[in-house]
Amino acid sequence: KYVPFAWILIIAFHRHAVSANGEQARRFAVGAAVGIAILVFLQGGNLFRDASEQWPKNLVSFLKQERIEGNIYNPYSWGGYLMWERPEQKVFIDGRFEMFADGVYFNALAFEEGERIDEITKQYNLSAAVARPWTALAYALSIRKDWALVYWDNFGAIFIKRDGLNEKLIEHYGMDIPYLNDAMEAVVRKIGPSRLPVLVRNYEEAVRRQPDLLLGRFRLGMLYQKGGDCQRAIAQWSELIKIDKRLGGAHYKLAECYQMLGDENRAAGERALGDRYARNQRWWYGRL
């Protein structure tokens with residue numbers, strides 16, 4: 001993303017290199033560098049890029065709306081954005097050099113990997129954590145009894161520590177969705193059949209709160225299918241395709257249910273679309 005601005009760094013070096021050719025050569029070199037930078041910038045679609053497609057705006061809106069007491073962990077790459085959106089709230093880590101002091105950066109890496117959770121939580125007195133849903137941290141916190149999931153969208157999830165500071169928030173928003181980013185087959189096996197109805201209700205609540213929650217809808221459809229209700233499963237996957245037709249996995253699951261219902265023509269059509277879009281699926285936003 002910094003390529004369009006690379007010319008700033010090379011001006012000094014280039015000026016020295018062409019100094020023997022006079023002012024005209026220097027002007028040409030700088031002009032060419034600026035022109036290339038502008039071209040790269042426009043080709044990347046940066047001029048018309050919507051920040052809501054790149055950054056967790058709805059998640060930040062939740063943080064603004066619901067006051068969370070205590071210190072909040074955030075991923076390294078979101079520190080600057082969160083600081084800009086909420087200057088009144090201290091961030092755990094951002095891109096400034098001093099964040100590398102005292103082991104903060106390496107502790108953040110460990111926490112992001114779901115390691116030393118108790119130690120780091122105690123060291124920094126954390127009461128909440130913002131996690132990107134595809135990370136090991138989201139998985140680790142989702143299966144712990146002392147943390148509660150209160151928010152989940154396509155960008156991120158918010159977990160609250162059960163330390164007594166935010167119990168009302170947990171009571172109002174808490175969702176029981178363990179193994180957040182594990183394979184659905186593994187989730188069903190780990191929780192057991194007796195807890196499936198509870199899991200279904202929590203996925204339904206997550207989708208109710210965030211109608212465009214891609215993976216939430218996908219997994220809810222899988223749970224319906226697992227329970228033998230292909231009609232409700234089809235409804236979820238059809239909604240997914242309305243949101244983004246490039247979700248090849250949704251087309252494949254539709255094909256499975258249509259085949260189970262005896263509709264071979266529609267099953268074949270969905271399989272073809274699944275093959276077409278299998279490589280272009282994007283279940284999370286803000287992930288490079």
Side-chain angles (χ1 to χ4, degrees), residues 1 51-63 72-82 91-95 105-117 120-121 126 128-144 147-160 175-191 199 202-203 205-207 209-223 236-237 240 243-244 246-253 277-288:
K1 63 182 178 181
S52 64
E53 296 179 356
Q54 305 296 321
W55 300 102
K57 292 181 70 69
N58 290 337
L59 183 148
V60 171
S61 295
F62 181 87
L63 290 174
I72 304 175
Y73 167 84
N74 64 269
Y76 172 80
S77 60
W78 285 0
Y81 175 73
L82 293 173
V91 298
F92 181 83
I93 190 170
D94 61 65
Y105 176 72
F106 294 104
N107 285 335
L109 288 181
F111 200 68
E112 195 77 3
E113 292 298 321
E115 301 172 358
R116 298 164 44 217
I117 288 178
I120 294 171
T121 298
L126 297 176
V130 173
R132 294 168 297 179
W134 60 86
T135 62
L137 175 62
Y139 177 93
L141 295 182
S142 73
I143 60 176
R144 293 184 61 116
W147 288 81
L149 174 67
V150 299
Y151 182 91
W152 177 25
D153 68 15
N154 293 320
F155 281 90
I158 300 174
F159 293 88
I160 303 293
M175 294 181 288
D176 184 12
I177 303 179
Y179 311 103
L180 190 64
N181 49 29
D182 203 349
M184 201 66 224
E185 295 81 3
V187 174
V188 171
R189 183 178 68 253
K190 289 174 182 177
I191 69 169
L199 186 62
N202 279 273
Y203 268 105
E205 176 61 18
V207 169
R209 296 182 192 178
Q210 303 286 339
D212 66 341
L213 183 60
L214 302 181
L215 201 64
R217 278 196 182 276
F218 185 69
R219 293 189 161 194
L220 181 57
M222 294 179 74
L223 287 170
Q236 293 300 321
W237 296 325
L240 272 178
I243 298 169
D244 188 349
R246 296 167 297 180
L247 296 173
H251 289 291
Y252 283 136
K253 299 306 291 186
Y277 294 120
R279 295 186 179 181
N280 298 317
Q281 300 182 83
R282 190 184 180 203
W283 294 100
W284 306 116
Y285 294 162
R287 182 181 189 180
L288 299 178

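The figures here come from the full heavy-atom set of this structure, side chains too, leaving out hydrogens, waters and symmetry mates.
Across Asn181 and Ala138, no two heavy atoms sit closer than the pair ND2-CB, 4.2 Å. Shortest non-hydrogen contact noted between Gly95 and Tyr76 is CA-OH, 3.8 Å. Shown here for Ile120 and Ala110, the closest heavy-atom pair between the two residues is CD1-CB, 4.1 Å. Of all heavy-atom pairs between Ala157 and Leu59, the closest is N-CD1, 4.0 Å. Nearest heavy atoms, Pro75 versus Val130: CD-O, 3.3 Å. Closest non-hydrogen pair, Pro211 versus Ile243, comes out as O-CD1, 3.7 Å.
No donor-acceptor pair under 3.5 Å is formed between the side chain of Asn74 and the backbone N or O of Val91.
Taken from CZ in Phe62 to OH in Tyr151, the straight-line distance is 8.0 Å, to the nearest 0.5 Å. In this structure, the separation between CG on Asn280 and CG on Leu247 is 10.0 Å, given to the nearest 0.5 Å. In this structure, CH2 in Trp237 is found 9.5 Å from CG in Leu220, a value given to the nearest 0.5 Å. If you take CG on Asp244 and CZ on Arg282, they are separated by 8.5 Å, rounding to the nearest 0.5 Å. A distance of 8.0 Å separates CG in Asp153 from CD1 in Ile158, rounded to the nearest 0.5 Å.
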- Go through the steps to decide whether Trp152 and Gln210 satisfy the test side-chain contact (heavy atoms from CB on, under 4.5 Å), and finish with yes or no. CA-CA 8 Å; Trp152 177 25; Gln210 303 286 339; over 6 Å; no
- May I have the step-by-step check of side-chain contact (heavy atoms from CB on, under 4.5 Å) for Asp176 and Leu199, ending in yes or no? CA-CA 7 Å; Asp176 184 12; Leu199 186 62; over 6 Å; no
- Go through the steps to decide whether Arg209 and Glu205 satisfy the test salt bridge (charged side-chain N to carboxylate O under 4.0 Å, His left out), and finish with yes or no. CA-CA 6 Å; Arg209 296 182 192 178; Glu205 176 61 18; 2.8 Å; yes
- Start with the C-alpha gap between Asn58 and Phe155, add the side-chain angles, then the distance that decides, and say whether side-chain contact (heavy atoms from CB on, under 4.5 Å) holds. CA-CA 9 Å; Asn58 290 337; Phe155 281 90; over 6 Å; no
- Item | Leu137 vs Glu113, side-chain contact (heavy atoms from CB on, under 4.5 Å): CA-CA, chis, key distance, verdict | CA-CA 5 Å; Leu137 175 62; Glu113 292 298 321; over 6 Å; no
- Is there a salt bridge (charged side-chain N to carboxylate O under 4.0 Å, His left out) between Arg217 and Asp212 once you walk through the steps? CA-CA 8 Å; Arg217 278 196 182 276; Asp212 66 341; over 6 Å; no
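Side chains of Met175 and Tyr203 form no contact here, defined as non-hydrogen atoms less than 4.5 Å apart. Side chains of Phe218 and Leu213 form no contact here, defined as non-hydrogen atoms less than 4.5 Å apart. A 4.5 Å side-chain heavy-atom check between Ile143 and Leu180 finds every atom pair outside the cut-off. Taking 4.5 Å as the limit, every side-chain heavy atom of Leu149 sits out of range of all side-chain heavy atoms of Ser142. Side-chain contact check for Met222 versus Lys253: some heavy-atom pair is nearer than 4.5 Å. You'll find the side chain of Val60 reaches within 4.5 Å of the side chain of Leu82, heavy atoms only. Side-chain atoms of Val187 and Met184, non-hydrogen and from C-beta on, do get closer than 4.5 Å to each other. Counting heavy atoms from C-beta on, the side chains of Leu109 and Tyr105 come closer than 4.5 Å.
The side-chain contact (heavy atoms from CB on, under 4.5 Å) test with Pro133 is passed by exactly one of Trp284, Tyr139, Tyr285, Trp283: Trp284.
With ring centers used as reference points, Phe159 lies 6.0 Å or more from Trp147.
A donor-acceptor pair shorter than 3.5 Å can be found between the side chains of Tyr73 and Glu112.
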